[in-house]
K.L.:
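My structure is below; once you've seen it, I'll send some questions.
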Amino acid sequence: DRLKALYVVFIYGFLGILDIAAVFVFGLVGSLAVSGVSSNRPGVRVNTLLEFLGIADENLQTQVSILGLIAASVLVFKSFASLYLSKRTLFFLSRRSAIISRILLNKLLGQEMLRVRGRTIQETIFALTAGVQAVTLSILGASLLLIADIFLIVAFSISLFLVDTLVAILSLTLFSTIGILMYSLMHRKAQRLGELATKLEISSSDKISEVVSCYRELSVKNRRNFYAQEIGEMRHSIAEAGANLGVMSLLSKYIMEITMVVGGLAIGAAQFIAQPATRAVAVISIFLISSARIAPAILRIQTGLITIRTNIGTAKPTLDLIEEYLKEGIADLAPVEGYKGREYFKHTGFSSHVTASNVSFTYPNRKKEVISNLELNIKEGEFVGIVGPSGSGKSTLIRCINRLEEHQKGKIIVDGIELTKDLKNIEKVRSEVGMVFQQFNLFPHLTILENLTLAPMAVRKVTKKDAEETAMHFLTKVKIPE
């Protein structure tokens, strides 16, 4: 991928050279036009180029037509090539964005439940989706275009130095100073606005999710209006941040346009005072056409840097997630075995013998142990009920047996397999152990039958027919087959 990115940068650099060639040809046209009007012979360098192109003996109209056609053809080719390259780059980065989301999700689902719940649902969704797009399309994509524009400016600067050193120095100094000044004034504010917009976006999504999931409770407590006002204020702040970023982009554009006009007038006046008319027109032509390329390139660099800073703030949840996974080396999820037929439901060779030895568990940032030095021995075929007051650790123990919580001390063994950080062992035990949660969490848009068949079909690749037969067997058993 890095090599492909390098190729893209070099191709953009080559297209920049085509731009320069077209600009020089337009400068040549301007010089020929002035020479023709004043009935003077073209300069030595102009004549050398005409001889190189084989049109030195043609009349002025033919020379101008040929040169104009060459310049226009080069610019049209460059525009189509840039469009094609931009399209391929965009598709490339979009596909990489999907791959990164999949990798991060795979890492996330390989963690303990407490780690997964360390972030809010909306923060996790943002980090895996919009945040990844901000990293790939807005940060990496802008970086590639930024490098290409730097190539373009360097190439144009060299060409301007060959034509007129003083004009080159003045042009570069003028545009670079404006670009650097605008970036230094805006970049911190842009990152701050990006972080603020992301934080508010996640918070407002959390609030909307809370309203939908707790609508009955909010209706009873008459809190719907309070939530509506709070969410409205958040959306207003997000809109303000977006508007500020938009104004910053427009401000840069108009300042650069003013700089180009003022710079062109100043350099034009100086050239006509110090140089012959033909030389002055050629230099001014090249300056104006170069400025039409350099000024937008510097503007794109400045706005590109601002975009990168903004999206670094926007993508902070994703960047934090990536940094966390790289630092801790979190393993991928174990692959799921394919469907092997109806025997998958028989649990052949599995022993439901569960033992716990000296097991203790404490929640993060708490001193009191929820489970303390537990000893447990449940033999195969036994039915065991665990009774106790709220908060005594009943649910926590069940989650530890299925490794949804990670006990800090002791051993838990199921079917002769000790539950440690080994993901393969955890997946092996979970494939044979069922668990009914306190919150059933059925998908509301699916029927009961579809809810029951979803996991066997998606995880174990059970056929629809076998999954439905098994589901109907248990629905009949509890007397709700209809």
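Since we're looking at a predicted model, the values are computed, not measured.
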K.L.:
Kindly determine whether Val429 and Leu419 satisfy side chain to side chain contact (heavy atoms under 4.5 Å, CB included), including the steps that lead there.
P.N.:
CA-CA 8 Å; Val429 169; Leu419 294 173; 3.9 Å; yes
K.L.:
Hey, does Ser143 have a side-chain heavy atom less than 4.5 Å from the side chain of Ile308?
P.N.:
yes
K.L.:
Supply the atom-to-atom distance Glu406 CD to Arg399 CZ, rounded to the nearest 0.5 angstrom.
P.N.:
14.0 Å
K.L.:
Can you name the closest pair of heavy atoms from Leu15 and Lys78 and give their distance?
P.N.:
O-CG, 3.6 Å
K.L.:
Give the minimum heavy-atom separation between Val211 and Ile231, together with the two atoms involved.
P.N.:
CG2-CD1, 4.1 Å
K.L.:
Stepwise, does the side chain to side chain contact (heavy atoms under 4.5 Å, CB included) test hold for Leu454 with Asn451?
P.N.:
CA-CA 5 Å; Leu454 180 63; Asn451 269 284; 5.6 Å; no
K.L.:
More than 12 heavy atoms of other residues, nucleotides or ligands under 6.0 Å from CD1 of Ile99: is that the case?
P.N.:
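Enclosed.
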K.L.:
To the nearest 0.5 Å, tell me how far Leu196 CG sits from Asn244 CG.
P.N.:
10.0 Å
K.L.:
Quick check: are there more than 12 heavy atoms from other residues, nucleotides or ligands sitting under 6.0 Å from CZ of Phe14?
P.N.:
no
K.L.:
Could you check whether any side-chain heavy atom of Lys421 comes within less than 4.5 Å of a side-chain heavy atom of Arg403, counting everything from C-beta outward?
P.N.:
yes
K.L.:
Roughly how far apart are Gln122 CD and Glu210 CD, rounded to 0.5 Å?
P.N.:
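One finds 11.0 Å between CD of Gln122 and CD of Glu210.
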K.L.:
Mind jotting down which residue pairs meet the side-chain hydrogen bond (donor to acceptor under 3.5 Å, both in side chains) criterion with at least one end in residues 94-105? Sequence neighbours excluded, please.
P.N.:
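Listed once each, the pairs are Asp1-Arg96.
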K.L.:
Within the 4.5 Å heavy-atom criterion, are Leu305 and Leu146 side-chain neighbours or not?
P.N.:
yes
K.L.:
Rounded to the nearest 0.5 Å, what separation is found between the CG atom of Leu105 and the OG1 atom of Thr124?
P.N.:
10.0 Å
K.L.:
Are the side chains of Thr307 and Thr310 in contact, using a 4.5 Å heavy-atom criterion?
P.N.:
no
K.L.:
If you look at every heavy atom in Ile312 and Gln191, which pair is closest and at what distance?
P.N.:
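Closest approach of Ile312 to Gln191, heavy atoms only: CG2-NE2, 3.9 Å.
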K.L.:
Counting only heavy atoms from other residues, nucleotides and ligands, does the tally under 6.0 Å from CD1 of Ile121 exceed 12?
P.N.:
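Atom CD1 in Ile121 is not packed in, count stays at 12 or less.
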K.L.:
May I ask you to test the Thr318-Ile100 pair for a side-chain heavy-atom distance under 4.5 Å?
P.N.:
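Contact flag for Thr318/Ile100 side chains = no.
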K.L.:
Do Glu323 and Lys316 meet the salt-bridge criterion of a basic N to acidic O distance under 4.0 Å?
P.N.:
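A salt bridge is absent here (no side-chain N lies under 4.0 Å from a carboxylate O).
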K.L.:
With rounding to the nearest 0.5 Å, note down the distance linking CG in Leu181 to CE in Met186.
P.N.:
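Answer rounded to 0.5 Å: 9.0 Å.
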K.L.:
With the side chain counted from C-beta on, respond yes when Arg235 and Glu201 share a heavy-atom pair under 4.5 Å apart, and no when they do not.
P.N.:
yes
K.L.:
At their closest point, which heavy atom of Leu93 faces which heavy atom of Gly141, and how far apart are they?
P.N.:
CD1-CA, 3.4 Å
K.L.:
Between Ile139 and Ala315, what is the shortest heavy-atom contact and its length?
P.N.:
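The answer is CD1-CB, 4.4 Å.
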K.L.:
Would you be so kind as to tabulate the donor-acceptor pairs closer than 3.5 Å made by side chains of residues 125-138, with sequence neighbours excluded?
P.N.:
| unit_1 | atom_1 | unit_2 | atom_2 | d |
| --- | --- | --- | --- | --- |
| Thr129 | OG1 | Ile125 | O | 2.5 |
| Thr136 | OG1 | Val132 | O | 3.0 |
| Thr136 | OG1 | Gln133 | O | 3.4 |
| Ser138 | OG | Asn311 | OD1 | 3.4 |

K.L.:
Please find the pair of heavy atoms, one from Ala197 and one from Ile238, that lie closest to each other, and give the distance.
P.N.:
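In terms of heavy atoms, the two residues are closest at O-CG1, 4.3 Å.
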K.L.:
With rounding to the nearest 0.5 Å, note down the distance linking NZ in Lys4 to CZ in Arg88.
P.N.:
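Result: 9.0 Å between the selected atoms.
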K.L.:
With a 4.5 Å heavy-atom cut-off, do Leu321 and Arg119 have their side chains touching?
P.N.:
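Yes. Closest side-chain heavy atoms under 4.5 Å.
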K.L.:
Between Glu450 (side chain only) and Thr447 (backbone N and O only), is there a donor and an acceptor less than 3.5 Å apart?
P.N.:
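Answer holds: yes.
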